[in-house]
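Down below is the structure, laid out as structure tokens.
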Protein chains: 4
Amino acid sequence: MAREKGLKGMESRERLLAAAAEEFANRGFHETKVSTIVKRAGLTQPAFYLYFPSKEAVFDELVNAFRTRLHALIGSSRFEAQVEAQDVPKRVRMAVETFFRFLEATPHLTRIGLFLAPKAEEIKKELIALIAFNLSAEQQAGYFRSDLSMKTVAECLVGIVERLTLSQLLPGIKSPESLASQVVDLLLYGMLSMKHTSA
Amino acid sequence: MAREKGLKGMESRERLLAAAAEEFANRGFHETKVSTIVKRAGLTQPAFYLYFPSKEAVFDELVNAFRTRLHALIGSSRFEAQVEAQDVPKRVRMAVETFFRFLEATPHLTRIGLFLAPKAEEIKKELIALIAFNLSAEQQAGYFRSDLSMKTVAECLVGIVERLTLSQLLPGIKSPESLASQVVDLLLYGMLSMKHTSA
Amino acid sequence: MAREKGLKGMESRERLLAAAAEEFANRGFHETKVSTIVKRAGLTQPAFYLYFPSKEAVFDELVNAFRTRLHALIGSSRFEAQVEAQDVPKRVRMAVETFFRFLEATPHLTRIGLFLAPKAEEIKKELIALIAFNLSAEQQAGYFRSDLSMKTVAECLVGIVERLTLSQLLPGIKSPESLASQVVDLLLYGMLSMKHTSA
Amino acid sequence: MAREKGLKGMESRERLLAAAAEEFANRGFHETKVSTIVKRAGLTQPAFYLYFPSKEAVFDELVNAFRTRLHALIGSSRFEAQVEAQDVPKRVRMAVETFFRFLEATPHLTRIGLFLAPKAEEIKKELIALIAFNLSAEQQAGYFRSDLSMKTVAECLVGIVERLTLSQLLPGIKSPESLASQVVDLLLYGMLSMKHTSA
DNA sequence: GATGAATGAGCTTTCATTCAT
DNA sequence: GATGAATGAAAGCTCATTCAT
């Protein structure tokens with residue numbers, strides 16, 4: 001009789017969260033009805049309010065979940081920086097790839113936290129700041145052109161990631177690896193063909 | 001057809017459109033109430049339905065207005081491209097700058113057509129295709145690296161423009177010129193400092 | 001074509017107010033449903049919210065209507081005080097009678113403002129203070145026993161009026177005149193028979 | 001019957017009753033949630049329904065508790081009346097004082113049974129009848145003016161007690177003794193100063 | 001060309017109450 | 001004796017939309 005106290009409740013809650021995530025991701029906040037969420041979770045409306053104070057609260061919880069995982073990812077990526085015996089391009093590619101992989105892993109949360117949430121801009125701002133900080137280190141190490149603003153570069157990178165996530169990654173058209181290598185190739189080496197570059 | 005006659009009617013319609021654009025841009029589709037739009041336009045709710053069949057219809061009309069202007073812009077830019085004998089970097093920079101200027105000119109429409117509309121993805125897809133087409137010409141002329149997919153580059157460019165528009169252009173933090181030159185500098189020459197590039 | 005602007009709306013509003021007053025008076029705040037009010041007024045629920053921001057707001061409006069009339073009554077009763085060539089008992093009786101008449105005139109408002117409203121206590125407190133003030137004048141003129149606290153007397157008077165209003169006046173069992181004379185007779189002369197009083 | 005056994009059960013039941021009494025007294029019937037009652041009693045909602053068939057049932061039980069005690073009080077006071085050979089004023093004062101003391105002893109029940117219950121009017125009607133009966137005896141003994149309706153006097157007395165209970169006794173502003181002597185003084189001797197009385 | 005007045009449809013939320021254990 | 005989990009039923013409120021003038 002392993003009476004897991006509160007197990008069933010937790011499961012219901014998780015089911016509601018998952019259903020909500022999917023609905024929000026597919027239809028947005030307003031088009032998502034509590035009635036649909038609970039139907040998907042096999043429950044009734046009052047059950048929803050047993051676990052969440054309001055529809056907005058679930059949404060916020062999902063946004064925060066995304067944010068938390070995002071911060072966790074970035075925190076852990078700092079460690080790898082120490083193992084950096086690799087060359088810069090490879091390191092950058094790995095980082096971007098990891099990020100794409102992260103976004104791909106929880107597509108609903110990604111859509112919510114990156115595109116739907118009113119807080120999305122704020123979240124991106126944080127992200128950009130962190131990336132800019134990391135890039136600056138490389139820049140000071142002489143790897144990147146000193147006349148570029150890493151803040152701007154970070155912003156561009158995030159813009160690219162957003163777009164490709166929406167148009168290629170989430171629809172499953174391209175893989176994190178392929179996207180990462182294309183993006184990094186472009187950003188590191190630029191578009192110009194060599195003959196012009198050296199001009 | 002019934003829309004041709006009546007000066008006052010046209011003016012009311014325009015006022016409604018403008019009010020709707022501002023509200024939609026600032027609050028999004030669902031947060032925007034018809035009652036607010038008409039208040040802003042100094043009219044009443046039935047008047048709204050005199051000019052538009054539904055709230056969605058106004059929104060669509062605004063989206064289409066954006067799309068139309070966008071197409072006009074791109075159509076005209078083709079011409080210039082042929083007349084010009086300038087060097088590639090300058091040409092690209094001018095094109096991007098023109099585009100930023102275009103987005104800055106009608107900020108409400110930009111926010112609606114580029115970020116709020118469900119159709120936004122479709123609009124961007126068109127835009128990306130056109131840009132990719134133009135870039136391919138340059139690529140075939142040998143200006144751009146032949147190992148890059150211009151489709152992808154176009155996508156990245158649009159992603160960058162989206163992000164910078166939202167974070168720098170619309171808030172009035174940076175000018176079209178400065179944004180264009182930063183973006184183009186990055187995309188054309190890449191991030192790597194010369195010593196590494198030549199490696 | 002006496003196009004009374006807003007006449008129909010005003011009428012609807014009044015119908016809603018009247019219906020609400022009756023429902024509130026008969027069932028109390030919580031048992032009264034907006035759906036019942038609008039049915040009684042021959043309207044639909046949204047119409048209710050066209051005229052009142054919430055169910056509570058109508059209730060408050062009714063309470064305030066009572067309070068306002070009450071203050072008006074008291075304000076006007078001051079005037080009569082100047083015409084006072086009459087003897088004290090008659091004067092007091094007239095005042096009490098007027099008050100009963102006032103309560104009888106708008107029975108729903110009376111029930112709401114005097115018995116149902118959370119503010120009822122406050123309203124009575126005001127009323128008591130005013131009555132005490134008036135009584136004190138008579139007391140200082142030597143008409144009332146100087147060892148009585150007019151504040152307490154006022155409180156007793158209001159308590160009596162409350163009770164008789166509920167049990168005799170509103171059910172239509174006794175008239176304002178008969179109630180007033182009984183009350184005043186008791187309060188002025190006391191219960192004791194003469195032989196004991198003089199003891 | 002099923003309620004006889006079980007000490008712990010009885011205790012839980014009492015805790016629920018006490019919690020309910022306090023909540024009802026402070027917030028009224030509708031504002032009081034079953035969830036709040038059980039929280040206060042340290043139990044869960046199903047436990048509530050183990051002891052009471054419904055929320056209304058607890059309320060009724062509390063009202064009846066008040067009524068029962070009230071009847072007990074009145075029953076016992078009859079006895080004393082016969083034993084006493086004291087003068088009328090003192091006797092009346094003692095009775096009123098006893099009553100105030102009774103109301104003060106169980107303030108929650110008082111608020112519920114005297115002011116909140118729909119049955120309150122009925123309860124008061126009974127009380128008034130009993131008081132009127134007692135007063136009539138004194139009246140027939142020649143102590144009270146024969147031209148007064150003891151029914152009305154009883155009603156006035158109850159009205160006064162109600163008001164003073166709410167505004168002075170329950171808030172702890174005045175004591176049963178002081179209230180009783182003020183009330184009785186007023187009711188027995190009236191407001192008029194002697195010179196006018198004898199006129 | 002425009003409005004005062006009204007509504008259908010639907011939403012989120014609340015609460016007393018019960019089932020299964 | 002008690003609880004975790006769930007629900008039926010309904011309430012208040014909002015909004016895009018329309019009718020009659």
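Below, all heavy atoms of this structure are taken into account, side chains as well, without hydrogens, waters or symmetry copies.
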Distance test, side-chain N/O of D:Ser12 to OP1/OP2 of F:dG1, below 4.0 Å:
no
Closest non-hydrogen atom pair between A:Leu16 and A:Ala47, with its separation
CD1-O, 4.2 Å
Tell me whether the guanidinium CZ or amine NZ of D:Lys55 lies under 6.0 angstrom from the six-membered ring centre of D:Phe29 and within 45° of its axis.
yes
Should B:Arg13 and B:Leu50 count as side-chain neighbours, where that means a heavy-atom distance under 4.5 Å?
no
When the axes are fitted on five pairs at both termini, how much does the helix from E:dA2-F:dT21 to E:dT21-F:dA2 curve, in 10° steps?
40°
By a strict heavy-atom criterion of less than 4.0 Å, which residues belonging to residues 54-65 of chain A are in contact with DNA chain F?
none
To the nearest Å, how far apart are B:Phe52 CZ and F:dC15 C1'?
19 Å
Measure across D:Thr165 and D:Pro171 and return the closest heavy-atom pair with its distance rounded to 0.1 Å.
O-CD, 3.8 Å
Whole Å only: how far is the CE atom of D:Met10 from the C1' atom of F:dA2?
18 Å
Would you list the atom pairs, donor with acceptor, under 3.5 Å between side chains in residues 114-124 of chain D and any protein atom, with sequence neighbours excluded?
unit_1	atom_1	unit_2	atom_2	d
D:Lys119	NZ	D:Asn64	OD1	3.3
D:Glu121	OE1	C:Arg163	NH1	3.4
D:Glu121	OE2	C:Arg163	NH2	2.8
D:Glu122	OE2	D:Arg67	NH2	2.6
D:Lys124	NZ	D:Leu114	O	2.8
D:Lys124	NZ	D:Glu162	OE1	2.9

Give, ordered by number, those residues of residues 24-51 of chain A having at least one heavy-atom distance below 4.0 Å to an atom of DNA chain E; if nothing qualifies, reply none.
A:Thr32, A:Lys33, A:Val34, A:Gln45, A:Pro46, A:Tyr49
Taking the side chain as every heavy atom from C-beta outward, state whether C:Phe52 and C:Leu17 have any atom pair closer than 4.5 Å.
yes
Taking side chain to side chain donor-acceptor pair (under 3.5 Å) as the cut-off, I'd like each qualifying pair that reaches into residues 42-52 of chain A, sequence neighbours left out, listed once.
none
Report all side-chain donor-acceptor pairs from residues 33-42 of chain A shorter than 3.5 Å, counting only partners two or more places apart or in another chain.
unit_1	atom_1	unit_2	atom_2	d
A:Lys33	NZ	A:His30	O	3.1
A:Arg40	NH1	A:Glu23	OE2	2.2
A:Arg40	NH2	A:Glu22	OE2	3.0

Within a strict 4.5 Å, meaning less than it, do heavy atoms of the B:Phe66 and B:Leu103 side chains meet?
yes
Is there a donor-acceptor contact under 3.5 Å from the side chain of D:Thr106 to the main chain of D:Leu109?
no
